[in-house]
Amino acid sequence: MTTAVPLSAQATPERFWLAGCYDGNHIIVYFQAVKFKGTVPAVRRRINPPVSDGFFIPEELPADYVAAFQKSTGAEHFSLGDTYDLLTGDGGVVPITLTTLVGTEGDEEVGNDSYIGALATLSNRSGVPPHGYYAVRRHREVKAGPKMISALFARLLDEPTRLNTQTRIAGLLTQRQRMNPTGVSPRFSIQQFRLANGSLRYYAQADWSSAKGQPDEKEDILAAWISPIPGPHILATESRMSPDGLNATLPRLLNVVDLGDGRTGLVVASSGEDSIALTLFEYRDGLSRADASPTGHRSRRITPPDSDYSP
């Protein structure tokens, strides 16, 4: 499912789509969830799977077949040669050109979707940027004139968190948990990121692994979005997708992108006992992933549950 995020100052909502690294020179983006209903042409070219997980198994599709799904209300009318903007996560906005129409078949009785989209090449940049997950928007023409480079933009920080901050955040999560049923110390992981206005935020996870059960079995897990000012405090928490201890997982933060106009986008991967989800949503203090409005979302029930997908 792809949804638009309305802006109060705009009559037409701006749309964003989740994109990933296809290979060293291309990105992949799905613009629309559809139902193929077994109508995919028998003659179609199979292509290599994407480098970035979560984009399933795309195949090249004929233009007339893709166009048939673009007649519905709200559908994105994309075609070969169209230009979009890639929001990279390092403050960059790179024009991309659609070069190959693709789709992935997945709809079935359990309710999964199929998707249509495209592969694209990047203009004025050598190779696909790091992180592997991005946002795409409709191309914006840049007015002529001197470029103003701002040091403030949303991004994921690839640097360690100070030890005293780690200790305080660990204490916050332990206190929020209120009890430790295993009697063992939890394992923590902390990621830092900047909002579009330059403010610092943390995404922290903790798990209390079972001392008696299987090595990967988690008695309890907790994740939280945290602000450091005036002191580290929890803004919102995340819950597991699956209640089962062995398969309990929390959302993983894959990238942070600047959506423009002071907005911050987060790319998050989640998995449960038999389902996966890859989501791009606008971050706001106090909202969890489940509360926020997704700007792009793909989820699929895995059959069988032991699929080799690992976001």
Side-chain angles (χ1 to χ4, degrees), residues 1-3 5 16-21 28-30 33 49-57 89 104 106 110-115 131-135 156 173 176-177 186-193 201-209 216-226 234-257 264-284 286-311:
M1 176 178 63
T2 303
T3 56
V5 177
F16 298 90
W17 296 273
L18 183 61
C21 173
I28 182 171
V29 54
Y30 291 134
V51 171
S52 294
D53 288 326
F55 290 85
F56 310 117
I57 305 175
T104 179
V110 296
N112 290 332
D113 289 318
S114 296
Y115 297 91
H131 293 306
Y133 296 89
Y134 326 98
L156 187 62
L173 295 186
R176 177 62 65 95
Q177 195 61 23
R187 294 181 297 181
F188 290 97
S189 65
I190 302 174
Q191 293 172 281
Q192 303 180 81
F193 63 98
R201 294 292 183 270
Y202 301 102
Y203 179 59
Q205 299 187 61
D207 73 73
W208 288 259
S209 299
D216 292 333
E217 186 173 356
K218 302 173 179 63
E219 289 285 347
D220 224 328
I221 54 179
L222 179 67
W225 305 97
I226 296 170
I234 294 176
L235 299 169
T237 59
E238 296 287 352
S239 58
R240 68 181 75 187
M241 283 189 66
S242 168
D244 183 81
L246 183 60
N247 296 291
T249 60
L250 290 164
R252 294 178 54 227
L253 181 59
L254 301 179
N255 199 8
V256 178
V257 297
T264 300
L266 304 185
V267 180
V268 172
S270 305
S271 62
E273 184 176 4
D274 63 351
S275 63
I276 58 175
L278 192 60
T279 310
L280 166 68
F281 67 92
E282 182 180 353
Y283 173 84
R284 294 183 182 180
L287 296 182
S288 67
R289 177 186 58 88
D291 297 326
S293 298
T295 60
H297 175 73
R298 288 191 309 289
S299 63
R300 180 169 294 179
R301 184 176 297 277
I302 305 172
T303 306
D306 58 352
S307 166
D308 60 2
Y309 174 80
S310 55

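We count residues from 1, following the sequence as given. Predicted model only: the values in this text are computed from it and were never measured.
- Summarising the geometry, atom CD1 belonging to Ile190 is positioned 8.0 Å from atom OH belonging to Tyr202; distances are rounded to the nearest 0.5 Å.
- Below 30°, between 30° and 60°, or above 60°: for Trp225 and Phe281 the angle between ring planes is above 60°, a perpendicular geometry.
- Under the 4.5 Å side-chain criterion, counting only non-hydrogen atoms from C-beta, Glu238 is not in contact with Ser270.
- Proximity of a side-chain donor or acceptor of Tyr203 to a complementary backbone N or O of Ala223 within less than 3.5 Å is not detected.
- Between Gln205 and Arg252 the shortest heavy-atom distance is NE2-CA, 4.5 Å.
- Counting all heavy atoms, side chain and backbone alike, Leu156 lies closest to Gln192 at CD1-O, 3.5 Å.
- The minimum heavy-atom distance between Gly132 and Ser52, with the atom names listed, is O-OG, 2.7 Å.
- A heavy-atom distance below 4.5 Å is not found between the side chains of Leu280 and Tyr133.
- A centroid separation of less than 6.0 Å is found between the aromatic rings of Tyr283 and Phe193.
- Atom OG1 of residue Thr237 and atom CZ of residue Arg176 lie 6.0 Å apart, to the nearest 0.5 angstrom.
- Taking both residues in full, the closest heavy atoms of Val268 and Leu253 are given as CG2-CD1, 4.3 Å, listed atom of the first, atom of the second, then distance.
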- Task: Show your working on side-chain contact (heavy atoms from CB on, under 4.5 Å) between Arg201 and Leu235 and close with a plain yes or no.
- Result: CA-CA 10 Å; Arg201 294 292 183 270; Leu235 299 169; 3.8 Å; yes
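- The minimum heavy-atom distance between Ala135 and Val257, with the atom names listed, is CB-CG2, 3.9 Å.
- Taking each heavy atom of Leu222 and Leu173 in turn, the nearest pair found is CD2-O, 3.7 Å.
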